[in-house]
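I have a structure I would like to understand better, so I am pasting it below and will then ask my questions one at a time.
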Protein chains: 2
Amino acid sequence: MTADAPLKQPGRPSLIQVAALSGVSAKTASRALSGEGYVAAKTRQRVHEAADQLGYRPNGVARDLRRGAKASTLVGLISGDLANPFYSRLASGLERKLRVNGLQLITASTEENPEWERQLTDTLLERRVRGLVIASTMAGHDHLAGERIHGIPFVFVDRPPVGLSADAVLLDNRGGARQAARHLVEAGHRRIGVIGDLSRLFTHRDRIGGFAEVVETAGITGWADYLLEDAHDVATAERAVRELLGRTPAPTALFTLNNRITTGAVRALRGHPSPPALIGFDELDLGDFLGVSVITHDPEEMGRWAAQLLLDQLFGDADEPARHVVLPTRLLVRDSSERPPRDLGG
Amino acid sequence: MTADAPLKQPGRPSLIQVAALSGVSAKTASRALSGEGYVAAKTRQRVHEAADQLGYRPNGVARDLRRGAKASTLVGLISGDLANPFYSRLASGLERKLRVNGLQLITASTEENPEWERQLTDTLLERRVRGLVIASTMAGHDHLAGERIHGIPFVFVDRPPVGLSADAVLLDNRGGARQAARHLVEAGHRRIGVIGDLSRLFTHRDRIGGFAEVVETAGITGWADYLLEDAHDVATAERAVRELLGRTPAPTALFTLNNRITTGAVRALRGHPSPPALIGFDELDLGDFLGVSVITHDPEEMGRWAAQLLLDQLFGDADEPARHVVLPTRLLVRDSSERPPRDLGG
DNA sequence: ATGAAAGCGCTAACAT
DNA sequence: ATGTTAGCGCTTTCAT
């Protein structure tokens, strides 16, 4: 019971070593360090000194194993691209709400690669995070079916679960696209170029759907000729816009389906002698400065809702049915969409 | 040895249950599921079926505990603000390089709050991530002293370790600020407004230092009268710029010490009849479009270097001394800095 | 090709 | 106020 703990250098010291060095049992050392109470002040101090001296750091893995998954304070967020301000603002809203509830957010990026999403969810699930928020890029989610029943709570954001009933926070993509389309159609535009993201994504398809409703109701046929898809990054979007503008007849207006694509369009339109009208889905950094009309919404609010649904699953009734929250969009008219159609074609 | 495993619903099934259901021992089940080999094809299949049926998911916490910390594939990145494109690009470079080496990146944000940084590092360290990359907002790092010796490897980015020898990847802040200052001074500016971030941050102080060197050499006195600090967000920066422009005499040029502050300045200068020259540290989204001159550098490269240093610590000699890498900056002249000083004052 | 036993580091449960 | 025992779920060793 003296200070000579078995020195298996250079591994990290364990609680046992701390206990040995301070001449108490493991449990007492544990109590002293975790502040559980019922430890004499003197003992407590001796244990702390021993811990400091050895450079002891508790092993959270062992603790979690013993205490069960409920001990973890980590919540994971998995998304396609954390560099996108939409997701980073979502993450920010989520994090703040989690933090006041004693939870910590960790985020991971899949770069819209389903295989990486699968690996990341597996890793985080296996390491027993407390909960998971997913902006999924996968086509289906059968592999998560077991989780909700006897596992880790999760919430889908931005994109809904497929083949699975689960909580989700979504945007009114259809409604937003309708607002944009109506705005352009009412200004007299008949040839509207639409530039979209990866065509497999739910958000993309829904936005196209909303747009189609409006233009078809307005009697505009052949709109799909001016639809370009899979422009996932700024450069591709820029090229797509140039291509559209080079056509005869050229579109008199542009609807870009997310913030990156809008950025590409802004670039492509730079210095253009008679640019088409432009409206984009998602707010843009410096959007007011640039004078770009947008369909705006509140990514932080989406994050806060995701946190709320997760907290309800963690601390509320376990048997609640899955809930879906749909957040509204708002049309923000700035200069770029006020350019009238400038010819008689169409 | 029949299928009646102890049903302690509603917890998750363990390997034992899978083993029981398939009529083999735990070890055999483990072998079958982890692909370790030496399992009969038939057995393997039976085990997999049982696992699927129960919705089994291996417990990574238990696995890590048994295997030791080297089993983890998670590397953490802790930074002050992941929504800032500088950090998200850094994260992207880091992630790609880690991924090809079989490691996964998780990120966490401290919002420049030292207490939260402390909590997050503790949590990740205790849960035994494989390595840690930190853009630290703390004043000192004694608490990490033990880690490098018998613990988890870490690398500092953007801001150096204080009171501790550790690997780091830094920017040539001083040199970059000198480039900016020289550029403005050579154009004849004598009254240069400088708007800085949190004054306690290393990067901030270093940039001020580089600027001071140049202007003092040029015989400009009283430059500090035009220095405004602690403009940590866009709105504060915008206000700071307005304040500077309202002075008599007003500065003829502005040097903004990071991307957020530059954004604020761009806003403040909007519609100004005779705006001062402007140059900012860090590239800006749409910076070319906006015509803002900047001191640019490569955040992805910083991420890749951080990955390299971490990988060297993980797989190379453990006893290497700490290494510091300093990345260069480049002056990118666009319209905003070409505006000449417009009066005789100074 | 399979199994039994031990133990990773910690804490819950039950002493004392 | 402190100690003992057992066990979280897995994998390592060593048998067979």
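Side chains included, hydrogens not; waters and symmetry mates left out as well; all remaining heavy atoms used. Within every chain, numbering begins at 1; the chains are lettered A, B, ... in the order of the sequence lines, protein sequences first and strands thereafter.
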Report the distance from atom OH of A/Y38 to atom P of C/dA13, rounded to the nearest whole Å.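 Computing the A/Y38:OH to C/dA13:P distance gives 15 Å.
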
Considering heavy-atom distances to DNA chain C, does B/K27 or A/V61 have its closest nucleotide positioned more toward the 5' end?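 Nearest-nucleotide comparison on DNA chain C picks B/K27.
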
Applying a 4.0 Å non-hydrogen cut-off, can you work out what B/T43 is touching in the nucleic acid: base, sugar-phosphate, or nothing?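 It contacts sugar-phosphate atoms only.
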
Would you mind telling me which residue lines up with the more 5' stretch of DNA chain C, B/A29 or B/R67, judged by nearest nucleotide?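 Closer to the 5' end of DNA chain C: B/A29.
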
What's the CD1-P distance between B/I16 and C/dG3, to the nearest Å?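 Going from CD1 in B/I16 over to P in C/dG3 covers 12 Å.
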
Looking only at side-chain N and O atoms, does B/S25 come under 4.0 Å of OP1 or OP2 in C/dG3?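 Yes.
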
Whole Å only: how far is the NZ atom of A/K70 from the P atom of D/dC8?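 Whole-Å distance recorded here is 16 Å.
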
Check the distance between D/dC10's C1' and A/R128's CZ and give it to me in whole angstrom.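 Interatomic distance, CZ of A/R128 to C1' of D/dC10: 11 Å.
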
Would one find a side-chain N or O of A/S30 under 4.0 angstrom from OP1 or OP2 of C/dC10?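 The answer is no; no side-chain N or O of A/S30 sits under 4.0 Å from OP1 or OP2.
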
Starting from P on D/dC8, measure out to CG on B/L15 and report it in whole angstrom.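 B/L15 atom CG is separated from D/dC8 atom P by 13 Å.
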
Determine whether any donor atom in the side chain of A/R31 lies under 3.5 Å from an acceptor atom in the base of D/dG3, or the reverse, and answer yes or no.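 Answer is yes: a donor-acceptor pair is held.
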
Identify, with sequence neighbours excluded, every residue that meets side-chain contact (heavy atoms from CB on, under 4.5 Å) alongside B/T137.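 By the side-chain contact (heavy atoms from CB on, under 4.5 Å) rule, B/T137 matches B/T110, B/E112, B/P114, B/E117, B/R159, B/R200, B/L201.
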
Whole Å only: how far is the CG atom of B/L33 from the C1' atom of C/dT2?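 Distance, rounded to whole Å: 15 Å.
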
What is the distance, to the nearest angstrom, from the CZ atom on A/R57 to the P atom on C/dG9?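 Distance check: A/R57 CZ to C/dG9 P gives 16 Å.
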
Can you measure from CG (A/L98) to CG (A/L311) and round to the nearest 0.5 angstrom?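 Here the rounded value is 6.0 Å.
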
Would you kindly give the CZ-to-P distance between B/R63 and D/dT12, to the nearest whole Å?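 These atoms are roughly 10 Å apart.
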
Salt-bridge contact A/E301-A/R304 (side-chain N to carboxylate O under 4.0 Å):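 So A/E301 pairs with A/R304 through a salt bridge.
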
Please tell me which of the listed nucleotides, C/dG3, C/dT11, C/dG9, lies nearest to the side chain of A/L65?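 Closest nucleotide to the A/L65 side chain: C/dG9.
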
Taking only the side-chain heavy atoms of A/T28 (C-beta and beyond), determine which of D/dT2, C/dA1, D/dT11 contains the nearest atom.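 Looking only at side-chain atoms, A/T28 lies closest to D/dT2.
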
Let's see if you can work this out: which of D/dG9, C/dA1, C/dT11 has an atom nearest to the side-chain heavy atoms of B/R66?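 Per side-chain heavy atoms of B/R66, the pick is D/dG9.
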
Taking NZ, NE, NH1 and NH2 as the nitrogens, is one of them in A/R96 or A/E300 under 4.0 Å from a carboxylate oxygen of the other?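 Here A/R96 does not pair with A/E300 in a salt bridge, since their nearest N and O are not under 4.0 Å apart.
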
Compare the minimum distances between each of D/dG9, D/dT4, C/dC10 and the side chain of B/N59, then state the nucleotide with the smallest one.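 Closest of the options to the side chain of B/N59: D/dG9.
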
To the nearest 0.5 Å, tell me how far B/D167 CG sits from B/Q313 CD.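 Nearest 0.5 Å value for the CG-CD distance: 4.5 Å.
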
Among D/dA1, D/dG9, C/dT2, which nucleotide has an atom closest to any side-chain atom of A/A40?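 That would be D/dA1.
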
